[in-house]
Amino acid sequence: MKKIPLSLCPMEKRVRVRFAPSPTGGLHMGGVRTALFNYLFAKRHGGDFILRIEDTDQTRFVEGAEEYIVAALKWCGIAPNEGVGFGDGPHKPYRQSERKELGIYQKYADQLILSGHAYYAFDTEEELETMRKKLEAAKVVAPQYNAVTRQNMRNSLTLPEDEVKKLLESGAKKVVRLKVPRNEEIRFEDIIRGWVVVNSSQVDDKVLLKSDGMPTYHLAHIVDDIEMKISHAVRGEEWLPSAPAHILIYRYLGLESEMPKLAHLPLILNPDGKGKISKRESRFPVFPLSWKDPREAEPFIGYKEAGYYPEAFVNILALLGWNPGNNQELFTVDEMAQIFDFERVNKSGAKFDPEKAKWFNQQYLRKKADQELADVFKPVLKEKGFERDNAFILEFCKLVKEKVQFVHEFWDQGKYVFIAPESYDEKVITKKWNEKSKETFGKVTEKFKSLNDWTIEAITKTFHDAEAETGKIDMQLLRVLTTGVAGGPQLFDMLALIGKDETIKRLDRALGKL
RNA sequence: GGCCCGUUCGUCUAGGGGUUAGGACGCGUCCCUUUCACGGACGAAACACGGGUUCGAUUCCCGUACGGGCUACCA
């Protein structure tokens, strides 16, 4: 019996999803994938994709992070249709710091206090620390502010009413905490994971409103998701443990029926080593674009700078956790958006494989028009000190493209076209060069010299003609004599590009040296 | 430590009560190729372990192990 995918059930709500990063640094590939899945889901259902900036922690704000997030989404081709950097919609503003001015967080917090589901806590940092130490000393395994410990703390539940009033009026530092029941089963259905059950004894009295008046993530995202009519909350697995608290908040607000459906994505893991992917892992980039963190001396290189095409980057990211259900691996974003569904998103974390990422890029590079590659290579060539006309560069790119995974490899693969060899691959020479070789290649050179029509066909024919006289000639030797190295692009094609005079010059020089 | 989530080739994954457990990357061999690639063929390579349930479990259930996440007035 196949059940109907939860995410496809007929819904009263229009699909509206959001990507809601905090501007605390560069957006890494894990975040990009979360954004991607949101984007794909929205497109699939003709819904809205919103970018909301969760900047409720002023102490962690990083200069440039927000702009980076916007730029990264644009580069990846998964631009939201509403939100910071992408145009206002009916639910502006889209920065929580600005939304705070609307008074909405306070309003919902007040509602919770009024209904007895939240309370004021006046404890100082030191008092909290003391509490934790005491609990640890008493061998309490998970020290937390909860139904038990709150009884010994300074809050509106334990303090006399008039004292609370006095504290409130005097503007004493306070937070608003969620009053989590002591022992109650909380269950919720995750689109990807199915039913998850947690006992409320495992949930602490989460701070809802901080002492600086800002909401925490827990309150803010719920208020915003409700206000912005979000239908599905799609986020990383790291949020799973706090989801029960969120369920409680919706419930106490009387909004459980309007709650977005939850989808917790599996994490992207480090290929070696352990844990979530991190920017310290230097073997491959973790950022889409290069990221210069104001707190770091060196910028982190991005996939773009590493030579990846955004199509390739997004493609491999999508396949980290999602599967189309057939053997297709190469997808455009639009193609994915036709078929994406959370039903086909895995539960388990995926290690990122840098090798396969390269292969993906190679696939996309091969699909590129030669002229497009030529346009990219032209300035590179100029930088190396060589100028050629477009037709020449076009031919060169055609020749080299099948051999590389990145455009930046064009130079290394084909620089022999432009630079005469200084030395000759020793392995090939010692193995294949003999007394007869000099005579043989002398003959080849002579024949080349008499050639008027320096084309691939003519070169090939001439080589064959020479062989008719001398017997089989080792082509790799010809390669080494003219380019210096054992491998490279199609030899005769390359010689055609190198030109008659230069080819002969190189042969004469090699013959003189060997 | 506690809680939550997870576990199919090295990696990404398909599959799912009875299959020769499929594909892709990478690796190896061969073919094509007078060079280099591409391409093609083939190969090595996986159901973490132990108990159930069942005629039959890799698939369902329970444990164990392992991995990951969370455990802040951070998100």
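In what follows, every chain begins at residue 1, and chains take the letters A, B, ... in the order their sequences are listed.
Residue A:Lys347 contributes atom NZ, which lies 11 Å from atom P of B:G15 at whole-angstrom precision. Taking atom CH2 of A:Trp359 as the reference point, atom P of B:C38 lies 13 Å away to the nearest angstrom. Atom CD in A:Gln490 sits roughly 14 Å away from atom P in B:G39 (whole-Å rounding). Whole-Å rounding puts the A:Gln362 CD to B:A24 C1' distance at 14 Å. Summarising the geometry, the separation between NZ on A:Lys276 and C1' on B:C74 is reported as 11 Å, rounded to the nearest angstrom. Rounded to whole Å, the distance from CD on A:Gln405 to C1' on B:C38 is 13 Å. For the pair A:Lys427 NZ and B:U35 C1', the computed distance is 17 Å after rounding to whole Å. Atom CG in A:Asp353 sits roughly 5 Å away from atom C1' in B:U11 (whole-Å rounding).
A:Ala486 comes within 4.0 angstrom of sugar-phosphate atoms only, judged by non-hydrogen atoms across all strands, and of no base. Contact annotation for A:Val480: no contact, since no heavy-atom pair falls under 4.0 Å across all strands. Nucleic acid contact class of A:Asn346 (heavy atoms, under 4.0 Å, all strands): sugar-phosphate only. Among the atoms of the strands shown, none is found under 4.0 Å from any heavy atom of A:Arg235. Contacts of A:Ile473 with the nucleic acid, taken as non-hydrogen atoms under 4.0 Å apart, include base atoms. Using a 4.0 Å heavy-atom criterion, one finds that A:Lys472 contacts the bases of the nucleic acid, with or without backbone contacts as well. Here A:Glu237 lies in heavy-atom contact (under 4.0 Å) with a base. At a threshold of 4.0 angstrom between heavy atoms, the contacts of A:Ser201 with the nucleic acid are absent. Residue A:Lys173 is classed as having no contact, given no heavy-atom separation below 4.0 Å to the nucleic acid. At the heavy-atom level, A:Phe492 lies nowhere under 4.0 Å from the strands shown. Counting non-hydrogen atoms under 4.0 angstrom, A:Gly321 reaches the backbone sugars and phosphates but no base.
Put simply, A:Lys210 has a side-chain N or O that comes within less than 4.0 Å of OP1 or OP2 on B:C74. Within the 4.0 Å cut-off from OP1 or OP2 of B:G39, at least one side-chain nitrogen or oxygen of A:Arg366 is found. The side chain of A:Arg177 contributes an N or O atom lying less than 4.0 Å from OP1 or OP2 of B:C73. Residue A:Lys403 has no polar side-chain atom (N or O) positioned under 4.0 Å from OP1 or OP2 of B:C36. Residue A:Ser348 places no side-chain N or O under 4.0 Å from the OP1 or OP2 atom of B:C5. OP1 or OP2 of B:C38 has not a single side-chain nitrogen or oxygen of A:Lys401 nearer than 4.0 Å.
Of the candidates B:A24, B:C73, B:A75, B:A24 carries the atom nearest the A:Glu329 side chain, counting heavy atoms from C-beta on. For A:Lys356, whose side chain is taken as the heavy atoms from C-beta onward, the closest listed nucleotide among B:A24, B:U35, B:C73 is B:A24. Checking B:A75, B:U35, B:C70 against the side-chain heavy atoms of A:Met475 singles out B:U35 as nearest. The side chain of A:Val207 lies closest to B:C73 when the candidates are B:G6, B:U11, B:C73. Closest contact between the side chain of A:Trp239 and the listed nucleotides B:C3, B:U13, B:A75 involves B:A75. Comparing B:A24, B:U13, B:C73 by their closest approach to the side chain of A:Ala350 singles out B:U13. Closest to the side chain of A:Arg344, from the set B:C5, B:A75, B:G15, is B:G15. Closest contact between the side chain of A:Thr216 and the listed nucleotides B:G69, B:C74, B:C38 involves B:C74. The side chain of A:Leu491 approaches B:U35 more closely than any other nucleotide in the set B:A75, B:C70, B:U35.
Projected onto RNA chain B by closest heavy-atom contact, A:Val196 and A:Arg479 fall at different nucleotides, the more 5' of which corresponds to A:Val196. Residue order along RNA chain B, read from the 5' end via each residue's closest nucleotide, puts A:Thr460 first among A:Thr460 and A:Asp212.
The aromatic rings of A:Phe396 and A:Phe418 sit tilted, their planes meeting at an angle between 30° and 60°. Between A:Tyr303 and A:Tyr308, the ring-plane angle classifies as perpendicular under the 30° and 60° cut-offs. Note: A:His221 and A:Tyr217 have parallel aromatic rings, judged against thresholds of 30 and 60 degrees for the angle between ring planes.
With hydrogens and angles left out, the side chain of A:Glu355 and the base of B:U11 share no donor-acceptor pair within 3.5 Å. Judged by distance alone, with hydrogens and angles left aside, A:Arg60 brings a side-chain donor or acceptor within reach of the base of B:C74, the pair sitting under 3.5 Å.
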Stepwise side chain to side chain contact (heavy atoms under 4.5 Å, CB included) check, A:Ile277 with A:Phe352:
CA-CA 8 Å; A:Ile277 214 147; A:Phe352 176 70; 3.8 Å; yes

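Between A:Lys356 and A:Asp353 there is no salt bridge, since no side-chain nitrogen of the basic residue lies less than 4.0 Å from a carboxylate oxygen of the acidic one.
A distance-only check finds no donor-acceptor pair linking the side chain of A:Asn346 to the backbone of A:Ser348 [under 3.5 Å]. Side chain of A:Ser200 to main chain of A:Val203: no donor-acceptor pair is present (N/O by atom type, distance under 3.5 Å, no hydrogens or angles). When atom types are taken as modelled, the side chain of A:Asp190 and the backbone of A:His264 share a donor-acceptor pair closer than 3.5 angstrom.
The gap from the C1' atom of B:C9 to that of B:G1 amounts to 35 Å, rounded to the nearest Å. B:G67 and B:C60 have their C1' atoms separated by 23 Å, with the value rounded to a whole Å. B:C49 and B:A57 have their P atoms separated by 15 Å, with the value rounded to a whole Å. Separation of the C1' atoms belonging to B:A45 and B:C27 is 10 Å when rounded to the nearest angstrom. Nucleotides B:A48 and B:G40 have their C1' atoms positioned 36 Å apart, rounded to a whole Å. A distance of about 15 Å separates the C1' atoms of B:A75 and B:U71, rounded to the whole Å. Between the C1' atoms of B:G23 and B:A46, the separation comes to 14 Å (whole Å). Separation of the P atoms belonging to B:G63 and B:C5 is 12 Å when rounded to the nearest angstrom.
With A:Glu237 as the partner, the salt bridge (Lys or Arg N to Asp or Glu O under 4.0 Å) test is satisfied by one option alone out of A:Arg193, A:Lys276, A:Arg33: A:Arg193.
Across all strands shown, B:A46 remains unpaired; no Watson-Crick or G-U wobble contact has both distances below 3.5 Å. For B:A24, the paired base is B:U11 (Watson-Crick or G-U wobble, both distances below 3.5 Å).
Screening residues 171-197 of chain A for ring-ring contact (aromatic ring centres under 6.0 Å, His included) gives no qualifying pairs among residues at least two apart or on separate chains.
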